[in-house]
K.L.:
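After the structure tokens below, expect a handful of questions from me.
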Amino acid sequence: MSGIYVHIPFCHRKCHYCDFYSVANKARQTNFHSYLISEIEAMASYLTDTVKTVYFGGGTPSVLTTEQLKAILKAIHRTHPIANDAEITIEVNPEDASQEYLAGIKGLGFNRISIGVQSFNNGTLQFLGRKHSAQDAIASIANARGAGFTNISVDLIYGIPNQTIEDWTDSINTALSLNPEHLSCYHLTIEPGTLFGLWERKQRLKAIPDENSQKYYDILCHMLREAGYNHYEISNFAKVGFESKHNSSYWNNDSYLGIGPAAHSYNGSTRQWNVSNINKYISCIETKTPPFEMEELSEIELYNEEVIKRLRTSEGINLKRLTTRFSHKWVEKLQRSVAPLISLGLINHTDNRYFIPEDKLLISDSIMVDLIEND
Ligand code: SF4
């Protein structure tokens, strides 16, 4: 199974916390899709099997017109075999989500929509530097339904300084009342290159204490479980059958092709990453120079990736699968290093699987450190 990711590197403006590669530059947007199409054509032979998932992310894909999106999708269909039942997702921001626009997108073949809500509290949205209001967010989900989407995902953020427990539970409750099929809920990270990073350096902003993070996470897990969602990855929750196939393919180690500035590609043995700069990207495409750097992954790197990716999921590391991908020495190494973590209750071992219990998932990074092999 393979996937294609298309990175649309434009936003209306930069949110205060965001370190994804994107720029607020309308002039560059006009013909940018033609460069993406050229890259799609140039990379036509990168994936060797049928494409099961296509994902337009960013940035803000919904800054593009339906005509531009149509041209990109057409190029993907022209150059790649796409499964009839492929999951085709687009990220949309509430301020762009009129019913007319969303109906246009639906008509192009997108069958899953991921809406960047982040919060249903206007004060929190303003603090995050989002352009939309809580009312826009509610309307966008209604518009997505009205446009015929039956697979809607909502993004929320928690762990925001000044966000009260009441604000957080209100946002979860509002999301649940709108009945999305999927929720992605991320803890705020204060990244150095963002406005929040600057505020932190100037001591105008401070990350919330770890014990509060855990409290917010526990509330989230509890409320979504009660509402019938399956917690299938640290930050992702879905009604049964609506788990994101695209994201799952990353955690399953499937191949993917990334198109656009800053996009990554992986084919099972090498990884490549496109330049994170629109002007350099355009100039590479114009001169037919590869816009990426590439590295061959060593066995240790592949093993570490498997451990890290699988432990993010509720299924965890499947020993049978590990045996098919790696030699016995790696399985033995894992069994040795996992034993103390099992006795500490940080890893569970059931049905030939090692997985992190739900209440410890938020600290999974610190647990994985003990399972990573060094050169
Ligand atoms: S959070 Fe989303 S909308 Fe905001 S700047 Fe980042 S990519 Fe753009």
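Order of appearance sets the numbers: ligands from 1, and atoms from 1 within every ligand. What you are looking at is a predicted structure, and each value in this text was computed from that prediction instead of being measured.
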K.L.:
Would Glu305 and Asn253 count as having a side-chain donor-acceptor pair, cut-off 3.5 Å?
P.N.:
no
K.L.:
On the six-membered ring of Tyr21, is Lys280 placed so that its NZ or CZ lies under 6.0 angstrom from the centre and within 45° of the ring axis?
P.N.:
no
K.L.:
Heavy atoms only: give me the nearest Tyr5-Ala263 pair and the separation to one decimal.
P.N.:
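Looks like CD2-CB, 4.1 Å.
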K.L.:
Please table the atom pairs, donor to acceptor, closer than 3.5 Å between any side-chain atom in residues 344-353 and protein atoms at least two apart or in another chain.
P.N.:
from, atom 1, to, atom 2, distance (Å)
Arg353, NH1, Ser314, O, 3.4
Arg353, NH1, Glu315, O, 2.7

K.L.:
With Trp330, which of Glu373, Gln335, Glu299 fulfils side chain to side chain donor-acceptor pair (under 3.5 Å)?
P.N.:
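Filter result, single survivor: Glu299.
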K.L.:
Would you please name every residue forming a side-chain hydrogen bond (donor to acceptor under 3.5 Å, both in side chains) with Glu39, sequence neighbours left out?
P.N.:
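If we apply the side-chain hydrogen bond (donor to acceptor under 3.5 Å, both in side chains) test to Glu39, skipping adjacent residues, the hits are Asn274, Tyr281.
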K.L.:
Using a heavy-atom cut-off of under 4.0 Å, does the side chain or the backbone of Arg130 touch ligand 1, or both, or neither?
P.N.:
side chain
K.L.:
So which protein N/O/S atoms does atom 6 (Fe) of ligand 1 have within less than 2.8 Å?
P.N.:
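Atoms qualifying: Cys18 SG.
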K.L.:
Just jot down the ligand 1 atoms closer than 4.0 angstrom to any heavy atom of Asn93, in number order.
P.N.:
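Checking each atom against Asn93, I get 3 (S).
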K.L.:
Would you mind writing out the side-chain donor-acceptor pairs for residues 319-326 within the sub-3.5 Å range, not counting sequence neighbours?
P.N.:
from, atom 1, to, atom 2, distance (Å)
Arg321, NE, Glu306, OE2, 2.9
Arg321, NH1, Asn252, O, 3.4
Arg321, NH2, Asn252, O, 3.0
Arg321, NH2, Glu306, OE1, 3.1
Arg321, NH2, Glu306, OE2, 3.4
Thr323, OG1, Leu319, O, 2.5
Thr324, OG1, Arg321, O, 2.6
Arg325, NH1, Glu306, OE1, 2.6

